[in-house]
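Below is one structure, written out as structure tokens, with a few remarks after it.
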Amino acid sequence: MKKTILLALVLLTSASFCQAATGKKDKKDKKKAVAEKVVEPVVLTTKTDSMSYAMGVEAVNGLIPYLQSQMGVDTAYMYKFIEGFESVLDKEKNEKELTAYGAGINIAHMVTANMTKQASKNAAGIIDEVDTDKFSQGFLSALKNDHTHFNDSTAAAFITQKREEHTQLIKKEGDKFLAENAQKEGVKTLPSGLQYRVLREGNGPVATNNDEVEVKYEGRLIDGTVFDSSYKRNPQTSKFRPTQVIKGWTEALTLMPEGSMWELYIPQNLAYGERQAGQIPPFSTLIFKVELEKVIKAEVKAEEPAKDTAAPKAKTSTGTKAKPKAKAKK
């Protein structure tokens, strides 16, 4: 088996050299080379040999569908799977080397499949999308201690700077939007900075902080991006107390009568402020269409019955009744 593996390594090394010389190697040639490589014939001399070999053959049953469905292996590249499998059987390679090799493959999959997607989410608004190749090049540069462009501290400082620039831009755009919106017909501005426009005036009761409300709503950013909508759910209404939501909502819900529909324009300090909230970037001014379907008044507690004002019976420190003092003997 060792000779077989060494021979396979010689063939692979030779193939790699030829590829470097020609600059190109066809996949069919690679598969053909693997299929046609000379291997030492298997000799089965004992019952143990035969049993072991047969069990190895049987163990492959169902493997191909598993590789396809669970591991995403394209059977056109089975020759690469075989290379990887044989490398683990190579006694010339030590366990630590194989562990590091396998970890590199796994992390590479994580980088291409997950890390770049998460990076794109973290950079939303700053850039359109993270470039996978550049992300991987930066990742490798850090592993190789290549600090040509960034080291870990300068990279972190650069990212922080760009995020800060972006958040300042969001705040500036929000302030500009509110200033222009305040001049529009029908828009009212409250002392807190909350703006609203009545789309439909209701005539029902107004909620207090202790009541519950049932509402339909849609929320969007000032660029029109819808980040949440109860209209897309079933049921379409949501129920909560006015104090359980952002400040801008709390103020509006305790002003609008049941049956009303308002459009709210909420400054960032009455919304999520510096926090990222799902699709909502930090310091975002928000726009909500809110329909107040129902006000559910808090239950008024029944008055407790008057307590007995009679003097309580004396008790000891343990809560039991005090015993009368014994009379003195004559």
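From Ile170, atom CD1 reaches atom OG of Ser284 across 4.5 Å, with rounding to the nearest 0.5 Å. Of the inter-residue distances, the one linking Ile126 atom CD1 with Arg163 atom CZ reads 6.0 Å to the nearest 0.5 angstrom. Summarising the geometry, atom CG belonging to Leu194 is positioned 10.5 Å from atom OG1 belonging to Thr250; distances are rounded to the nearest 0.5 Å. Between atom NE2 of residue His166 and atom CD1 of residue Ile127 there is a gap of 11.0 Å, rounded to the nearest 0.5 Å. Annotation: the span from Asn151 atom CG to Ser141 atom OG amounts to 12.0 Å, rounded to 0.5 Å. Remark: Gln279 CD to Lys121 NZ distance equals 10.0 Å, nearest 0.5 Å.
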Steps toward side-chain contact (heavy atoms from CB on, under 4.5 Å) verdict (Asn209, Arg241): CA-CA 7 Å; Asn209 286 341; Arg241 289 195 304 276; over 6 Å; no
Intermediate values then yes/no, ring pair (Phe, Tyr, Trp, His ring centres under 6.0 Å), Tyr196 and Phe288: CA-CA 9 Å; Tyr196 70 95; Phe288 282 95; over 10 Å; no
side-chain contact (heavy atoms from CB on, under 4.5 Å) evaluation trace for Ile159 with Lys162: CA-CA 5 Å; Ile159 293 168; Lys162 294 305 173 185; 6.0 Å; no
Working for side-chain contact (heavy atoms from CB on, under 4.5 Å), residues Arg200 and Glu291: CA-CA 9 Å; Arg200 184 180 68 234; Glu291 293 187 68; 3.3 Å; yes
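For the residue pair Asn210 and Thr208, no side-chain donor N or O sits within less than 3.5 Å of a side-chain acceptor on the partner. The closest side-chain donor-acceptor pair between Gln118 and Asn122 falls under 3.5 angstrom.
Shown here for Pro257 and Gly204, the closest heavy-atom pair between the two residues is CB-O, 3.4 Å. Residues Met78 and Val73 approach most closely at SD-CG1, 4.3 Å, considering heavy atoms. Between Ile246 and Ile266 the shortest heavy-atom distance is CD1-CD1, 4.0 Å. Considering every non-hydrogen atom in both Val111 and Ser136, the closest pair reads CG1-OG, 3.8 Å. When all heavy atoms are compared, the tightest approach of Leu286 to Ala271 is CD1-CB, 3.7 Å. Pro242 approaches Asp211 most closely through the heavy-atom pair CD-O, 3.2 Å.
Residue Tyr265 is found in a hydrophobic cluster whose other members, listed by chain and number, are Phe177, Leu178, Val187, Ile222, Ile287; membership requires side-chain heavy atoms under 4.5 Å apart, directly or through intermediates.
Val198 and Leu264 fall within a single hydrophobic cluster, where Ile, Leu, Val, Met, Phe, Trp and Tyr are joined by side-chain heavy atoms under 4.5 Å apart, directly or via other members. Trp249 and Phe227 fall within the same hydrophobic cluster, where Ile, Leu, Val, Met, Phe, Trp and Tyr residues are linked whenever their side-chain heavy atoms come under 4.5 Å apart, directly or through other members. Cluster annotation: Phe240 and Leu255 are assigned to the same hydrophobic cluster (Ile/Leu/Val/Met/Phe/Trp/Tyr, side-chain heavy-atom contacts under 4.5 Å, transitive). Connection of Leu199 to Tyr231 is not established within any shared hydrophobic cluster, with ILVMFWY side chains joined at heavy-atom distances below 4.5 Å, either directly or through further cluster members. Cluster membership for Val130 and Phe139, using ILVMFWY side-chain heavy atoms within less than 4.5 angstrom, is shared.
Without hydrogens or angle criteria, Ser50 side chain to Leu44 main chain gives no donor-acceptor distance under 3.5 Å. Within the 3.5 Å criterion, the main-chain N or O of Met256 finds no donor-acceptor partner in the side chain of Ser260. In this structure a side-chain-to-backbone donor-acceptor pair under 3.5 Å is missing from Gln168 to Glu165. Between the Thr46 side chain and the Asp49 main chain, a donor and an acceptor come within less than 3.5 Å of each other. Although no hydrogens or angles enter the test, the distance criterion places no donor-acceptor pair under 3.5 Å between the side chain of Thr189 and the main chain of Ala182. Side-chain N or O atoms of Thr225 include none that pairs as donor or acceptor with a backbone N or O of Leu221 at under 3.5 Å. The main-chain N or O of Tyr217 is found under 3.5 Å from a side-chain atom of Ser230 such that the two form a donor-acceptor pair.
Ion pairing of Glu218 with Lys232 is absent here, as no side-chain N (NZ or NE/NH1/NH2) approaches a carboxylate O to less than 4.0 Å. One finds a salt bridge joining Arg233 and Asp228 here, because a Lys/Arg side-chain nitrogen approaches an Asp/Glu carboxylate oxygen to under 4.0 Å. A salt bridge links Arg220 with Glu263: the closest approach of a Lys/Arg side-chain nitrogen to an acidic carboxylate oxygen falls below 4.0 angstrom. Using a 4.0 Å cut-off between a side-chain N of Lys or Arg and a carboxylate O of Asp or Glu, Glu173 and Lys176 do not qualify as a salt bridge.
The side-chain tip of Lys171 points at the ring of Phe283 from less than 6.0 angstrom away and within 45° of straight on.
Partners of Ile296 under the side chain to side chain contact (heavy atoms under 4.5 Å, CB included) rule, at least two apart in sequence or in another chain, are Glu212, Glu214, Lys239, Lys294. For Phe150, the ring pair (Phe, Tyr, Trp, His ring centres under 6.0 Å) partners are Phe158, not counting sequence neighbours. Every residue was checked against the side chain to side chain contact (heavy atoms under 4.5 Å, CB included) condition with Glu185, not counting sequence neighbours, and none meets it.
The shortest distance between side-chain heavy atoms of Ser192 and Glu251 falls below 4.5 Å. At least one side-chain heavy atom of Lys184 sits less than 4.5 Å from a side-chain heavy atom of Asn181. For the pair Arg197/Lys188, no side-chain contact is recorded, criterion being any heavy-atom separation below 4.5 Å from C-beta on.
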Name every donor-acceptor pair, under 3.5 Å, that has one atom in a side chain of residues 56-68 and the other anywhere in the protein, sequence neighbours excluded.
none

Quick one: side chains of residues 142-149, donor-acceptor pairs under 3.5 Å with protein atoms, not counting sequence neighbours, listed by atom name and distance.
{"from": "Asp146", "atom 1": "OD1", "to": "Thr148", "atom 2": "N", "distance (Å)": "3.0"}
{"from": "Asp146", "atom 1": "OD1", "to": "Thr148", "atom 2": "OG1", "distance (Å)": "2.5"}

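Crowding of Glu201 atom CD: a count of heavy atoms from other residues, nucleotides or ligands under 6.0 Å exceeding 12. Within 6.0 Å of the CG atom in Asp223, the count of heavy atoms belonging to other residues, nucleotides or ligands exceeds 12. The local environment of NZ in Lys117 is sparse, with at most 12 non-hydrogen atoms from other residues, nucleotides or ligands closer than 6.0 Å. Asp74 CG: more than 12 foreign heavy atoms inside a 6.0 Å radius.
Partner Val213 forms a side chain to side chain contact (heavy atoms under 4.5 Å, CB included) with one of Thr237, Val245, Leu253 and no other, that one being Leu253.
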